[in-house]
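What follows is one structure encoded as structure tokens, with my remarks underneath.
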Amino acid sequence: MPSEAIVHVVDDDLAVRQSLSFLLASDGLPVRLHESASAFLDSVKTAPDGCIVTDVRMPGIDGIEFLRRLKSRGFTLPVIVMTGHADVPLAVQAMKEGALDFIEKPFDDDLFLAAVRAALKHHEKHAHHDAQTAEVKARVQALSERESQVLEGLVAGKANKVIAYDLGISPRTVEIYRANVMTKMQASSLSELVRMALLVGIRPGGSGETP
């Protein structure tokens, strides 16, 4: 997982914060404590790396509202919600609001740590996917209009001569544009090119995120 990934513990109970801090630190996980959802939202202005562990019942902004506010800020880091046995309906609601997982108190330490590590892995995977998507989008935006049209034709599975007919140009010209597309997209094969195009939403018929 990324070295800067931090487990943010958000709980109004000081004893719980200290206990979880000790547990996480003893497992080698960086942790930051927040006494309330408001404290987190006030101190964390940009989307952090890592995950959040929060109680579903807190004064002021509760766990459900906290999830909504995270979503409104565009924060996509995974959230684990801690609940009491009587709070399962709230836990289900939290999942609907975007929580990755919930754990019922009192919980086993190993179970808790496993859930946190799974959340961090989830974040790492999605962060890598987001970075890869952004990179491919930048390459697509560097294509000329004609190169984008040729790319769409290739994604549609059309042969060079069919693309040439559709665009009113010669097959030889399509070959040149196709070579340019492969170079600009840094694709080593047609299958890799199609995979990248699908990653950013380019679909047959030009109904994707083209420039």
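A quick note: this is a predicted structure, and the numbers were derived from the prediction, not measured. Just so you know, these numbers use all the heavy atoms, side chains as well, and skip hydrogens, waters and symmetry mates.
- A salt bridge between R172 and E175 is present, with a side-chain N of the basic residue lying under 4.0 Å from a carboxylate O of the acidic one.
- Minimum heavy-atom separation, L20 to V9: CD1-CG1, 3.9 Å.
- Of all heavy-atom pairs spanning L151 and A197, the tightest one is CD1-CB, 4.3 Å.
- Taking every heavy atom of both residues into account, V194 and V155 meet most closely at CG2-CA, 4.5 Å.
- A salt bridge links D27 to R117: one of the charged nitrogens lies within less than 4.0 Å of a carboxylate oxygen.
- Contacts of D11 classified as salt bridge (charged side-chain N to carboxylate O under 4.0 Å, His left out), with partners at least two apart in sequence or in another chain: none.
- Here K161 pairs with nothing under the salt bridge (charged side-chain N to carboxylate O under 4.0 Å, His left out) rule; sequence neighbours left out.
- Two residues are said to be in side-chain contact when any heavy atoms from C-beta on lie closer than 4.5 Å; Y177 and L167 fail this criterion.
- A salt bridge is defined here as a Lys NZ or Arg NE, NH1 or NH2 lying under 4.0 Å from an Asp or Glu carboxylate O, and R57 with D62 fails to meet this definition.
- For the pair D13 and D55, the minimum side-chain heavy-atom distance is 4.5 Å or more.
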Only pairs under 3.5 Å count here: list side-chain donor-acceptor contacts from residues 90-104, not counting sequence neighbours, and write none if there are none.
| from | atom 1 | to | atom 2 | distance (Å) |
| --- | --- | --- | --- | --- |
| E97 | OE2 | R68 | NE | 3.2 |
| E97 | OE2 | R68 | NH2 | 3.3 |
| E104 | OE1 | H85 | ND1 | 3.1 |

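- Hydrophobic cluster membership is shared by M58 and L70, with clusters built from Ile, Leu, Val, Met, Phe, Trp and Tyr side chains linked at under 4.5 angstrom.
- Relative orientation of the F107 and F112 rings is parallel, given thresholds of 30° and 60° on the angle between their planes.
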Q: Give the C-alpha distance, both sets of side-chain angles, the deciding distance and a yes or no for side-chain hydrogen bond (donor to acceptor under 3.5 Å, both in side chains) between S36 and S38.
A: CA-CA 5 Å; S36 66; S38 296; 4.6 Å; no
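- Atom NZ of K125 has 12 or fewer neighbouring heavy atoms from other residues, nucleotides or ligands inside a 6.0 Å radius.
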